[in-house]
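Take a look at the structure below.
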Amino acid sequence: MLAENYELIESIMLYGGLSCLFILMSIAVHDVLKKNDVPMIGRLVTYGVLGMGAIGFLAKGIIELFWLSTGV
């Protein structure tokens with residue numbers, strides 16, 4: 001059973017691990033910005049860059065799912 005679902009388990013663990021990394025990075029960035037009294041525009045830029053990375057990660061997953069379902 002494990003050999004049959006190896007790719008599925010590997011994919012779930014990869015996306016779960018990367019999601020945890022994004023969450024930990026956002027917590028770390030929030031802590032650094034809070035401790036250093038960064039102005040609002042700096043916070044917006046920083047969260048925007050981190051958010052764009054997360055959106056790119058999600059878009060990659062959606063595109064990959066679409067391509068695999070169409071047989072490309």
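Any value given below was found using the heavy atoms of this structure, including those in side chains, with hydrogens, waters and symmetry copies removed.
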Partners passing salt bridge (Lys or Arg N to Asp or Glu O under 4.0 Å) against Lys34 (at least two apart in sequence or in another chain):
none
Is there a path from Ile63 to Phe66 through hydrophobic residues (I, L, V, M, F, W, Y) whose side chains come within less than 4.5 Å of each other?
yes
Expected list for residues 10-25: side-chain donor-acceptor pairs under 3.5 angstrom, two or more places apart:
unit_1: Tyr15; atom_1: OH; unit_2: Lys60; atom_2: NZ; d: 3.3
unit_1: Tyr15; atom_1: OH; unit_2: Glu64; atom_2: OE1; d: 2.6
unit_1: Ser19; atom_1: OG; unit_2: Tyr15; atom_2: O; d: 2.7

What donor-acceptor contacts under 3.5 angstrom involve side-chain atoms of residues 37-58, with partners at least two apart or in another chain?
unit_1: Arg43; atom_1: NE; unit_2: Val38; atom_2: O; d: 3.2
unit_1: Thr46; atom_1: OG1; unit_2: Gly42; atom_2: O; d: 2.7
unit_1: Tyr47; atom_1: OH; unit_2: His30; atom_2: ND1; d: 2.7

